[in-house]
Amino acid sequence: IGFVVVYPLIMSAYISFTNINGAPSLGNYVTMVSTSTFWNALNISLLYSLTSTIIAVAIGLGLTFILTQELRGKGILEVAYILPLAVAPIVVGVLFSPSSVWDDIRQFLHFQLGLAYFNELTPSFYFPVMFFSEAWEWSPLIMLVALSIVNGTAREIYEAAELHGASAMQKFTMVTLPTIFKSPVMQFIVVLRFIDAMRAFEIPLAWTNWLGYQSTVGSPVDTISLYI
């Protein structure tokens with residue numbers, strides 16, 4: 001572990017504080033923070049992380065609500081909802097990029113429904129799709145943690161709510177959600193998800209290629225990972 005993790009980290013830090021001649025220098029960092037490209041990448045990373053985390057929590061809680069109801073085939077649904085976790089991030093990026101289904105959807109909407117073509121290479125389109133694709137992949141994690149919290153909640157609380165005539169939605173909003181949000185485990189997972197999203201590379205890379213920035217820095221979807 002020390003050789004494959006600690007040593008590369010130490011060497012990366014050492015190299016970052018030296019110039020091309022190997023002498024100690026802060027020039028790399030001065031140059032980095034002096035460029036607008038860096039600040040744009042930082043802003044994109046923050047927006048990407050915050051928005052995708054919020055969407056992932058919303059989707060995860062929605063799936064939790066479904067799976068806490070009395071449904072037939074609940075086990076099959078649980079497996080189906082967990083599947084996105086098994087998909088590699090680069091595959092998710094390609095799946096939601098224009099190379100997959102968007103052109104077919106655009107043709108269908110135009111020729112079958114008479115709607116005007118939409119441009120999938122505009123910020124109003126690709127940013128929401130990127131945020132959603134990141135959230136889609138990781139929302140099962142939120143769901144699994146939420147379900148474990150719900151399963152650990154005393155049944156008497158739900159029974160008391162039922163005696164007072166609470167509906168399924170009322171039990172979820174007034175009992176389940178407060179319990180989930182107060183859980184230190186869920187709070188930790190949400191923060192961890194935000195930090196992990198700051199490292200996003202594969203999904204923005206898939207869109208960078210389609211925006212014509214395959215080998216250059218400065219793409220409108222550049223995150224910190226892509227910039228570095």
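All residue numbers refer to positions in the sequence shown, counting from 1.
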Rounded at 0.5 Å granularity, tell me how far CZ in F132 sits from CD1 in I203. 11.0 Å

Check: F65 main-chain N/O paired with Q69 side-chain donor or acceptor under 3.5 Å: yes

Looking only at non-hydrogen atoms, find the nearest pair between P128 and P123 and report the distance. CD-O, 3.6 Å

Given F131 and L47, is the side chain to side chain contact (heavy atoms under 4.5 Å, CB included) satisfied, shown in steps? CA-CA 9 Å; F131 301 154; L47 178 63; 3.8 Å; yes

Hey, quick one: are M174 and L163 part of the same hydrophobic cluster, counting side-chain heavy atoms closer than 4.5 Å, chains of contacts allowed? no

Nearest non-hydrogen partners of P178 and T173, listed with the distance: CD-O, 3.3 Å

Closest heavy-atom pair, S52 versus A135, reported as atoms and distance to 0.1 Å, is O-CB, 3.4 Å

Can you tell me how far the CG atom of L226 sits from the OG1 atom of T37, to the nearest 0.5 Å? 12.5 Å

Step by step, work out the side chain to side chain contact (heavy atoms under 4.5 Å, CB included) result for L144 and L85. CA-CA 11 Å; L144 291 174; L85 286 175; 4.2 Å; yes

Main-chain N/O of S36 paired with N40 side-chain donor or acceptor, under 3.5 Å: no

For the rings on W207 and F96, is their centre-to-centre separation under 6.0 Å? no

Are more than 12 heavy atoms, taken from residues, nucleotides or ligands other than R72, located less than 6.0 Å from that residue's CZ atom? no

Contacts of S16 that satisfy side-chain hydrogen bond (donor to acceptor under 3.5 Å, both in side chains) - sequence neighbours left out: Y29

Other residues, nucleotides, ligands: >12 heavy atoms within 6.0 Å of F125 CZ: yes

Stepwise side chain to side chain donor-acceptor pair (under 3.5 Å) check, Y48 with T53: CA-CA 8 Å; Y48 184 93; T53 300; over 6 Å; no

Could you pull out the closest heavy-atom pair between M143 and L67, with the gap in Å? SD-CD1, 3.5 Å

Flag yes if more than 12 heavy atoms outside I76 fall under 6.0 Å of its CD1 atom; otherwise flag no. no

Exam field: side chain S45 to backbone I224, donor-acceptor pair closer than 3.5 Å: yes

Report the residues that fulfil side-chain contact (heavy atoms from CB on, under 4.5 Å) with S167, sequence neighbours left out, ordered by chain and then residue number. M169, Q170

Do S12 and Y7 have side-chain N/O donor and acceptor atoms under 3.5 Å apart? no

Which residues pass the side-chain hydrogen bond (donor to acceptor under 3.5 Å, both in side chains) test with D196, sequence neighbours left out? R193, R199

Apply side chain to side chain contact (heavy atoms under 4.5 Å, CB included) to residues M198 and L46 and explain how you reach the verdict. CA-CA 7 Å; M198 285 291 292; L46 290 172; 3.9 Å; yes

Please report the C-alpha distance between I157 and T179 in whole Å, then the side-chain angles of each, then the deciding distance to 0.1 Å, and finally whether the side chain to side chain contact (heavy atoms under 4.5 Å, CB included) criterion is met. CA-CA 11 Å; I157 300 177; T179 303; 5.9 Å; no

If every non-hydrogen atom of K171 is compared with every non-hydrogen atom of A166, which pair is closest and at what distance? CG-CB, 3.8 Å

Say whether T176 and Y158, considering side chains only, have a donor N or O and an acceptor N or O under 3.5 Å apart. yes

